[in-house]
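Notes to accompany the following structure.
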Amino acid sequence: MNKTNGELEKKLWAAADSLRANSSLKSHEYAVPVMGLIFLRYVDSKFEIAEEELKKKLEGSRRGGELTPEYFQAEGVMYVPDEARYKHLLNLPEGEDIGRAINEAMKLIEKYNKELEGVLPKNYTKLENHILITLLKSFSQISIGDGDIFGKIYEYFLGHFAMTEGQKGGEFFTPTSIVKLIVEIIEPYHGRIFDPACGSGGMFVQSANLIREQKKNPSTEITAYGQEKVEETMRLCKMNLAVHGLEGQIKMGNTFYEDLHDCVERFDFVMANPPFNVSGVDGEKIKDDPRYKYGIPNANNANYLWIQVFLNSLNKNGRAGFVMANSASDARNHEMEIRKKIVEDGYVDVMVSVSPNFFYTVTLPVTLWFFDKGKVKTDRKDKILFIDARNIFRQIDRAHRDWTEEQIDEIAGIVRSYRGESGAKPYQDVKGLCKVATVEELRAQGYSLNAGRYVGVAEKEEDKYDFKERLAEYRNELDKLTKEAHGLESQIDKNLTELLK
């Protein structure tokens, strides 16, 4: 194709989205099979390139013979049998059951590539033949050998599916600019990376991109470890890693109760965008879990469980960056006691306030937290950098914002200056933007980690802002509880009806 990558991405999305509009399936039902076809095109293109190269090698050797799966596996390439080849599916007769043929292709790829066992979608019979034919033809436009174009297209589709899904979309996709800033600040150049709420794997992908910018190979520099409780999302993650040339140990489980990676003090980096304000976690089941060594919060809110998982998964020099609800920054009672211990231990490194409308799940502003266990051995031990980035953003449309590359570099540059990294400008506080506060100052503020308290915003304005923000969060929580109550009422009514019969 002569088109630029951006033009091709838009064209492919337009084709897929128009078909979605004419299908009876909902967006989340449509996303996985579409992403599966992009993945199929990817593995087939890699196989085709490897096949040509191996044929040349065999012609020049005495071995000769047929190319077996072992030849491809030795080259680190997934084996694709004839019935699963993209051109085979593309050239099937019009009357053929295309959905069944694609399902069989996915099964065959899993059969020969055990690392994909149970991962690939096999629900293509839900889609009509004409839709599948159009999708196959659309994705055949992706040129073989176009470098990382498959990864870019996959990421582009994930983002657009997330946007169309709204709340549900946010469960598997974190906006790219947020992930990029987290990566730029914790600098995961080498080591083991853990995401206990990994969604579709965006944290791992952006870490790999950063390493490629350093002219290094991500597959030899980092190892990805993820945990995800939704099976379909876990599949998206595994395919996402594959199209970016990455390997990872992605497991399915509920992180609150299951520590599937034996994570305590194990990882060099932790990155995550967990679900906020989760209620109903059974405290009895986790009271002896070493991941929650600072204590189980009394509030029916799991934010401080997530925070402890992130912190206690780090090794002695580890760094973490994660998204958190603003309310966690100055939550009271037992949550404040947990926060106090973490601050006094010297692990909190940077706090960044983010403006509203960056996420598909919530319109409210959020906060990015950064831990650095290694800083206890530096002159930053009793200091924390606060950045109020609520006025830094690009308006994409009426409902969505992001950061430009320059804005990401601006915010990350403040952090590099604070750390005194090589090549960074000397750090200085800027009223209304950034401030290095001491632990002593935090004690005076009740250990609040709200950037607005430190960077120079007038106290009256800050209180007014916090009140509105908190009221909005309470309203969202009330709406959620009201829906749950209606659900319980319906169930009770149904049970009473059955009893009266």
Side-chain angles (χ1 to χ4, degrees), residues 170 174-175 177-186 197 203 270-278 297 299 301-311 319-332 335-336 338-340 342-343 347-372 384-393 401-403 407-408 411-412 414-415 418 432-437 441-442 445-457 461-463 465-474 476-477:
T174 305
S177 65
I178 291 283
V179 182
K180 282 184 176 180
L181 181 63
I182 291 174
V183 168
E184 288 286 343
I185 289 177
I186 71 170
M203 300 289 182
V270 173
M271 295 183 285
N273 174 24
F276 302 157
N277 305 320
V278 174
N301 186 310
N303 290 341
Y304 273 79
L305 294 178
W306 282 118
I307 289 168
Q308 291 186 75
V309 169
F310 305 148
L311 177 59
R319 287 179 176 176
F322 56 92
V323 186
M324 186 49 60
N326 270 11
S327 56
S329 299
D330 54 5
R332 294 296 179 182
E335 292 171 307
M336 187 188 79
I338 294 173
R339 187 170 66 252
K340 172 183 175 181
I342 294 172
V343 169
Y347 297 141
V348 183
D349 191 28
V350 181
M351 301 291 296
V352 180
S353 295
V354 181
S355 86
N357 297 323
F358 264 71
F359 288 81
Y360 308 131
T361 46
V362 291
T363 58
L364 295 171
V366 299
T367 303
L368 305 184
W369 293 46
F370 296 91
F371 294 146
D372 185 350
I384 297 172
L385 171 63
F386 290 92
I387 301 175
D388 190 342
R390 288 175 295 181
N391 293 319
I392 302 174
F393 58 84
R401 296 172 175 177
D402 71 355
W403 286 311
Q407 289 169 332
I408 292 170
I411 299 168
I414 297 171
V415 180
Y418 154 71
L433 175 62
C434 59
K435 160 81 173 176
V436 174
E441 289 177 271
L442 267 73
Q445 292 286 349
Y447 293 93
S448 171
L449 290 173
N450 189 324
R453 289 182 180 267
Y454 304 97
V455 301
V457 177
E461 291 178 10
E462 183 62 26
D463 286 345
Y465 179 82
D466 282 350
F467 171 76
K468 287 183 176 179
E469 179 183 308
R470 185 62 56 82
L471 187 62
E473 288 193 356
Y474 284 155
N476 280 358
E477 186 67 19

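Keep in mind it's a predicted model, so treat the numbers as computed, not measured. Start at 1 with the first residue, then count along the sequence.
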Item to check | Under 3.5 Å side-chain donor-acceptor pair for Ser177 and Asp402 | outcome: no

Item to check | Asn303 side-chain N/O to Asn277 backbone N/O, donor-acceptor pair under 3.5 Å | outcome: yes

Next on the checklist: To the closest 0.5 Å, what do you measure between CD1 (Ile182) and CG (Asn273)?
Outcome noted: 7.0 Å

Next on the checklist: Could you measure the distance from the CH2 atom of Trp369 to the CZ atom of Phe322? Nearest 0.5 Å is fine.
Outcome noted: 5.5 Å

Next on the checklist: Using every non-hydrogen atom in the two residues, find where Pro297 and Glu335 come nearest and quote the distance to one decimal.
Outcome noted: CB-CG, 4.1 Å

Item to check | Exercise: identify the closest heavy-atom pair between Ser329 and Asn450 | outcome: CB-N, 3.9 Å

Checklist entry - With Leu449, which of Val343, Asp330, Asn326, Ile342 fulfils side-chain contact (heavy atoms from CB on, under 4.5 Å)? => result Val343

Item to check | Side chains of Leu368 and Ile387 in contact at under 4.5 Å (non-hydrogen atoms) | outcome: no

Checklist entry - Out of Leu442, Asp349, Val350, Val436, which residue meets the side-chain contact (heavy atoms from CB on, under 4.5 Å) rule with Ile384? => result Leu442

Checklist entry - Yes or no on side chain to side chain contact (heavy atoms under 4.5 Å, CB included) for Val323 and Phe276, after CA distance, side-chain angles and deciding distance? => result CA-CA 9 Å; Val323 186; Phe276 302 157; 3.5 Å; yes

Item to check | side chain to side chain contact (heavy atoms under 4.5 Å, CB included) between Val270 and Phe371, intermediate numbers included | outcome: CA-CA 9 Å; Val270 173; Phe371 294 146; over 6 Å; no

Item to check | Closest non-hydrogen atom pair, Ile392 against Trp403 | outcome: O-NE1, 2.8 Å

Checklist outcome for this item: For Arg401 and Ser355 the tightest heavy-atom approach is NH1-OG, 3.1 Å

Next on the checklist: Distance check, rounded to the nearest 0.5 Å: Phe358 atom CZ versus Ile178 atom CD1?
Outcome noted: 5.5 Å

Checklist entry - Taking only residues two or more places apart in sequence or in another chain, which ones pass ring pair (Phe, Tyr, Trp, His ring centres under 6.0 Å) with Tyr304? => result none

Checklist outcome for this item: Shortest non-hydrogen pair, Lys180 vs Ile408, comes out as CB-CD1, 3.8 Å

Checklist entry - Which value, rounded to the nearest 0.5 Å, describes the distance between Phe370 atom CZ and Ile186 atom CD1? => result 7.5 Å

Checklist entry - What class does the angle between the rings of Phe310 and Trp306 fall in, given that below 30° is parallel, 30 to 60° is tilted and above 60° is perpendicular? => result parallel

Checklist entry - For the atom pair CG (Leu385) and OH (Tyr418), what is the distance rounded to the nearest 0.5 Å? => result 6.0 Å

Next on the checklist: Quick one: does any side-chain atom of Tyr454 pair with a main-chain N or O of Ser448 as donor and acceptor, under 3.5 Å?
Outcome noted: yes

Checklist outcome for this item: Arg453 and Gln445 have their tightest heavy-atom pair at NH1-OE1, 3.1 Å

Item to check | CZ on Arg390 to OG1 on Thr367, rounded to 0.5 Å | outcome: 8.5 Å

